[in-house]
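Take a look at the structure set out below.
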Amino acid sequence: MFKTVFKQYKVKSTSPDLSDVVSFDEIDDKPKEDSIAQRLSFNNEITDLPTFPGLKTPRAWQTFVLKDHPGLLVIRNPFTDHGQRYWIARCLRDYPRAPNIVNLNARLFDESVRSDWWKELQECKDPTERQRIKAAMRWTTLGYHHDWDTKVYNELSKSPFPQDLSRLCQVFASYLGYHDFKSEAAIVNYYPLGSSLSGHTDHSEPNHLAPLFSFSFGQTAIFLIGGRTLDEKPTAIYLKSGDVLVMSGESRLCYHAVPRIIQTDESLASLPNETALENSNLVDNDLFEQVRDSNYWNPFSSYIADSRININVRQVLHPGDLKLN
Ligand SMILES: O=C(O)CCC(=O)C(=O)O
């Protein structure tokens with residue numbers, strides 16, 4: 001069932017039938033008994049959340065759940081446009097740098113590209129080579145490095161987890177009541193238009209009780225969430241730029257996939273007078289300022305004009321454990 005639905009959206013046609021894809025923008029506040037998706041209402045406790053640069057006030061966040069997929073939540077774009085710019089720049093300029101691991105093959109790319117992909121891409125003058133370098137980047141891993149073959153984490157294969165990303169996840173974890181969540185491993189996925197990610201479960205982490213946080217930036221994804229086996233029919237939802245998907249509880253080990261990326265014409269143009277940072281230690285202050293400048297922002301903007309970026313963050317260890325057993 002899962003594979004059939006995956007193929008239905010992945011089909012090469014430029015106009016697949018998208019009428020069953022759930023759009024959270026079309027769900028109103030009044031819960032209807034039979035609706036597939038519902039908006040959650042949070043009470044006063046969210047006023048205690050710390051503010052974080054580049055996030056809208058939590059009171060303005062809209063959180064949705066799916067009737068048939070308990071534990072799966074989507075917070076519809078809690079980022080300001082400025083905040084989105086910052087995370088996109090981090091994923092392109094910084095996260096693919098050594099010692100983080102990238103997918104780029106040593107037979108096809110020399111060490112300079114593999115250790116600082118974005119810098120080499122910006123410096124490359126040959127359009128064909130530029131396109132080759134740009135399209136080749138598909139993932140980078142942070143913290144405990146995901147092993148794509150064994151699917152087992154290894155204490156000897158890890159790099160420092162970025163503090164800004166860890167602190168961002170803490171905000172969302174606290175919002176949902178997971179006060180002890182620790183960001184220990186992340187995969188940043190880069191999706192050029194036409195790319196996809198087939199159905200899989202994320203079960204490498206010994207800790208399956210901690211939620212998984214997944215951030216979408218750039219072009220829109222069709223995301224499929226299924227059940228514990230491939231026999232169950234998945235639900236298709238749109239994940240748009242800025243959306244935060246949380247897989248917790250029952251949905252944490254469910255099959256999911258990205259069969260298609262859809263091009264939209266949204267841009268992150270509007271930067272209404274967001275207050276300047278006062279030496280926040282939560283983000284890279286220099287980059288946060290730099291991305292305001294349209295000249296600085298331009299190369300990042302042109303990358304996401306035809307690509308999607310996804311960051312998904314997991315806790316690996318059980319609470320109290322300091323390393324893998
Ligand atoms: O791109 C996405 O939204 C999902 C990524 C994912 O499932 C993964 O990296 O395991």
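For reference, positions follow the sequence shown, starting with 1. Numbering of ligands and ligand atoms starts at 1, following listing order. All values below were derived from every heavy atom in this structure, side-chain atoms included, with hydrogens, water molecules and symmetry-related copies excluded.
Evaluation of the side-chain hydrogen bond (donor to acceptor under 3.5 Å, both in side chains) test over residues 184-194, restricted to residues two or more places apart or in two chains, returns Asn189-Asn310.
For Phe172, the ring pair (Phe, Tyr, Trp, His ring centres under 6.0 Å) partners two or more places apart in sequence, or in a different chain, are Trp61, Phe215.
Checked by atom type, the side-chain pair Gln219/Ser307 shows no donor-acceptor distance below 3.5 Å.
The minimum heavy-atom distance linking Phe6 with Leu197 is given by the pair CE1-O, 3.3 Å.
Ligand 1 lies under 4.0 Å from heavy atoms of Asn189, Tyr191, Leu197, His200, Asp202, Phe223, His256, Val258, Arg308, Asn310, Asn312, Arg314.
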* For Glu250 and Arg228, what are the C-alpha separation, side-chain angles and deciding distance, and is it a salt bridge (Lys or Arg N to Asp or Glu O under 4.0 Å)? -> CA-CA 9 Å; Glu250 175 60 24; Arg228 293 273 189 130; 3.5 Å; yes
Could you pull out all donor-acceptor pairs under 3.5 Å where a side-chain atom in residues 239-246 meets a protein atom, sequence neighbours excluded?
{"from": "Lys240", "atom 1": "NZ", "to": "Asp25", "atom 2": "OD2", "distance (Å)": "2.9"}
{"from": "Ser241", "atom 1": "OG", "to": "Gln84", "atom 2": "OE1", "distance (Å)": "2.5"}
{"from": "Ser241", "atom 1": "OG", "to": "Gly218", "atom 2": "N", "distance (Å)": "2.8"}
{"from": "Asp243", "atom 1": "OD1", "to": "Arg76", "atom 2": "NH1", "distance (Å)": "2.5"}
{"from": "Asp243", "atom 1": "OD1", "to": "Asn77", "atom 2": "N", "distance (Å)": "3.0"}
{"from": "Asp243", "atom 1": "OD2", "to": "Lys240", "atom 2": "N", "distance (Å)": "2.8"}

